[in-house]
Amino acid sequence: EMMNVVSAVKAYIDAMLSDSPRNLKALIFDEETAVIASLVFSNADILDREVYYLDRVESQREVQRDVHGVFFLRPCQKSVEHLCRELEKPKYASYDVYFSNSVSPALMRQVAQADLHQAVRKMEVMFADFYAIDMHLFTLNIVGCLQGPDLWHKAAFDRTFEGVRGLLAALELQPAIRFQKSSGACQQLAERLAHNMQDGGRGARPLLLILDRRDDMLTPLSAQWTYQALAHELLGIKDGRVDMSRAPGADAKMLALSSDQDAFYADNMFLTWPELTSNIQKLSKEYVRVKSQQSKLDSLADMKNFFANYGRYRDVAQAAEKHMGLVTEMDRLVKQHDLMNESMNELAQRLVLTSDHSACVTNLRDVLSNHTLRREDRLRMGLMYLLRYGHSGKSAEPEVRDLLRDVPASGQIIDAFLRFCVDGKGKSDVWKAARSAQLKPEAQSESAYGHHNPLLTTTLLNLEKGKLSTTDFPYVDPGVTSDRPEKVVVFFVGGVTYEEAKIVSFFNEHAAISTIVGGTAVHNFSSFCEELRG
């Protein structure tokens, strides 16, 4: 059975809304749970479940004695204080309170003491304390979780622990836990989770594998050309939405991108740019065809056909308007920023495929001196070079710094990048994995569109074969193991990428194990730089 984080959150919210003493319900969120819910349900979907009103817990509301209040909140001090103010002067006839994770006794006492009118019908925990982006991908929306190579920010560590613990509870998993040995940050999280893990009993255990972003710094530096990853790079996908406010002539300012609610996006999110543009053209032709059929209303038969096929017409029209608008804006930005620049693509390939340092430096100078390229792309290529050669005796690091001096905070980012690299050689396994992808025939024919292979590919293959090194990835508890698990949760401290999500999706289609992947954040290059700066 395949694990599905979207379905897990949906099931919890459905359970909250189905057990109500009244037909009229108000569903109240806090800042985080509003996003958690919106990623799996549209507002229309929630209103279809007899929810008459949606609001935030901090808002002022009118008294409505014929309405039942359903509050879905994180178990944090701020949300509980808002809830307590509500309960001291109740607006609704009764209340169900659901927390997204385990609640401390102190917070429970606060709620109980505030419920002077005994308006709370029940208070329960629903483990939906993570952001379900796709069925196999989740995040905790924490950028900059470490303040040093192995030193967590305390608030980030606590939220990460709570989020991963909540995910495991939502999926009803009691896994064996392995972590990346070279990462003290991974070890700290693994040990904290293991300390709070119940006995999973006998039989095949699932596996939680905790990895460090620093072990593969190449993936967030590599150009990604799939629909999902490129949209995130060019426009940013935040809480399942893309900001189109800067797009010339765009009608909608925010576009929702959900593989669960959008069939075209689900079918195309992992396709490369040429495949996507081809499918957009097909969608456009389908829209013209369906529209021409719907515009013919010369007879009763035409009218009957119009109403019978209206749903299909509406779906095609909405998909065409959204995705043609989004892809048109992405195409404008690709051309404006010269993202298919030959020198930039040649440098990326040369760094992966050759050991010719002199040729790389010549190529690097051309790219970093080209001010028609985005500053972000020049910095990205500079960091990719430093990952490969930054600690070598002949490194051109001073020249890289000089050529990037016009890029804001470039010196600080380079310092942090070199400090966060796990070792001075830039992880030979990372370059080996990338090289295996570039040497494929399809990569040679479409090299501009990036066939980067994340290190996660090698890790999952070794795991599937039962060959993942227990030296490099030890168990927290050597007595609780899982050599060939049927279910695997991979978690990246320091953030995951959409490229790694694509790899997991591929494994779920072709391998014998069910895998989901998550991270403290989902990175594009901009957020990766924020992560480096802590």
Side-chain angles (χ1 to χ4, degrees), residues 4-74 79 82-83 86 90-100 119-124 126-135 170 237-244 251-266 307 310-319 321-322:
N4 186 326
V5 293
V6 171
S7 295
V9 177
K10 272 188 168 183
Y12 277 135
I13 295 175
D14 270 330
M16 294 177 206
L17 299 177
S18 62
D19 184 18
S20 172
R22 294 171 181 265
N23 289 333
L24 288 178
K25 296 186 285 284
L27 181 55
I28 312 299
F29 302 106
D30 63 21
E31 184 179 7
E32 286 201 58
T33 58
V35 178
I36 289 169
S38 71
L39 284 168
V40 302
F41 280 126
S42 67
N43 281 353
D45 290 332
I46 289 179
L47 294 173
D48 284 344
R49 287 159 170 79
E50 297 182 327
V51 173
Y52 135 88
Y53 185 67
L54 295 168
D55 204 356
R56 292 274 287 272
V57 68
E58 65 269 22
S59 300
Q60 297 295 319
R61 285 176 292 281
E62 297 179 356
V63 174
Q64 296 174 307
R65 295 297 186 192
D66 57 342
V67 174
H68 175 68
V70 179
F71 279 57
F72 176 37
L73 309 172
R74 282 213 75 240
S79 294
H82 286 303
L83 172 63
E86 171 82 22
K91 308 294 191 305
Y92 303 126
S94 55
Y95 293 80
D96 289 345
V97 179
Y98 297 97
F99 288 106
S100 63
V120 176
R121 196 175 68 106
K122 66 177 179 179
M123 191 158 44
E124 293 184 5
M126 296 285 193
F127 289 101
D129 206 20
F130 53 91
Y131 300 86
I133 297 177
D134 298 313
M135 63 180 292
I237 302 175
K238 181 174 173 58
D239 301 334
R241 286 168 171 74
V242 172
D243 185 356
M244 292 284 285
D251 294 328
K253 298 304 180 187
M254 300 294 289
L255 292 181
L257 288 180
S258 168
S259 59
D260 187 60
Q261 302 170 35
D262 184 333
F264 182 86
Y265 182 60
F307 288 112
Y310 177 73
R312 167 66 179 160
Y313 166 70
R314 181 195 59 206
D315 291 345
V316 171
Q318 288 177 347
E321 180 181 5
K322 178 201 288 188

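Judged by distance alone, the side chain of Lys322 and the main-chain N or O of Ala256 form a donor-acceptor pair under 3.5 Å. When atom types are taken as modelled, the side chain of Lys25 and the backbone of Arg49 share a donor-acceptor pair closer than 3.5 angstrom. At distances below 3.5 Å, not a single donor-acceptor pair connects side-chain atoms of Ser79 with backbone N or O atoms of Leu73. Formation of a donor-acceptor pair under 3.5 Å by the Ser42 side chain with backbone atoms of Asp45 is found in this model. Panel note: side chain Ser20, backbone Leu17; no donor-acceptor pair is recorded below 3.5 Å.
Closest approach of Phe71 to Val57, counting heavy atoms only: CE2-CG2, 3.9 Å. Here the closest heavy-atom approach between residue Val40 and residue Lys10 is recorded as O-CE, 3.1 Å. The two residues Ser59 and Asp55 have their closest heavy-atom pair at OG-OD1, 3.1 Å. Contact between Tyr92 and Arg65 at its shortest, heavy atoms only, is O-NH1, 3.6 Å. Minimum interatomic distance between Ile133 and Ser259 (heavy atoms only, all atoms of both residues): O-OG, 4.5 Å. Looking at every heavy atom in both residues, Ile36 comes nearest to Ala128 through CD1-O, 3.4 Å.
With a 4.5 Å cut-off on side-chain heavy atoms, Tyr95 and Met123 do not count as touching. Proximity of Asp96 to His68: side-chain heavy atoms (C-beta onward) are separated by under 4.5 Å at one or more points. Looking at Tyr265 and Ser258, their side chains never come closer than 4.5 Å, going by heavy atoms from C-beta outward.
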Discussion item. One pair to check against side-chain contact (heavy atoms from CB on, under 4.5 Å): Val5 and Phe130. What are the steps and the verdict?
Written reply: CA-CA 9 Å; Val5 293; Phe130 53 91; 4.0 Å; yes
Discussion item. Using the rule given for side-chain contact (heavy atoms from CB on, under 4.5 Å), can you reason through Val97 versus Lys122, listing the C-alpha separation, both sets of side-chain angles and the distance that settles it, and then say yes or no?
Written reply: CA-CA 6 Å; Val97 179; Lys122 66 177 179 179; over 6 Å; no
Worksheet item: Going through the distances and angles, do Arg61 and Glu86 end up as a side-chain contact (heavy atoms from CB on, under 4.5 Å)?
Response: CA-CA 9 Å; Arg61 285 176 292 281; Glu86 171 82 22; 2.7 Å; yes
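Judged by distance alone, the side chains of Gln64 and Tyr52 do bring a donor and an acceptor atom under 3.5 Å apart.
Expressed to the nearest 0.5 Å, how far CG of Leu54 lies from CZ of Phe29 amounts to 6.0 Å. Expressed to the nearest 0.5 Å, how far OH of Tyr98 lies from OH of Tyr12 amounts to 12.5 Å. Between Ile46 atom CD1 and Ser38 atom OG the span is 8.0 Å, to the nearest 0.5 Å. Here Leu27 contributes atom CG and Thr33 contributes atom OG1; the two are 8.0 Å apart, rounded to the nearest 0.5 Å.
Residue-environment remark: CD (Glu321) stays at or below the threshold of 12 foreign heavy atoms within 6.0 Å. Residue-environment remark: NZ (Lys253) exceeds the threshold of 12 foreign heavy atoms within 6.0 Å. Annotation for Glu31: atom CD does not count as buried by contact number, only 12 or fewer foreign heavy atoms lying within 6.0 Å.
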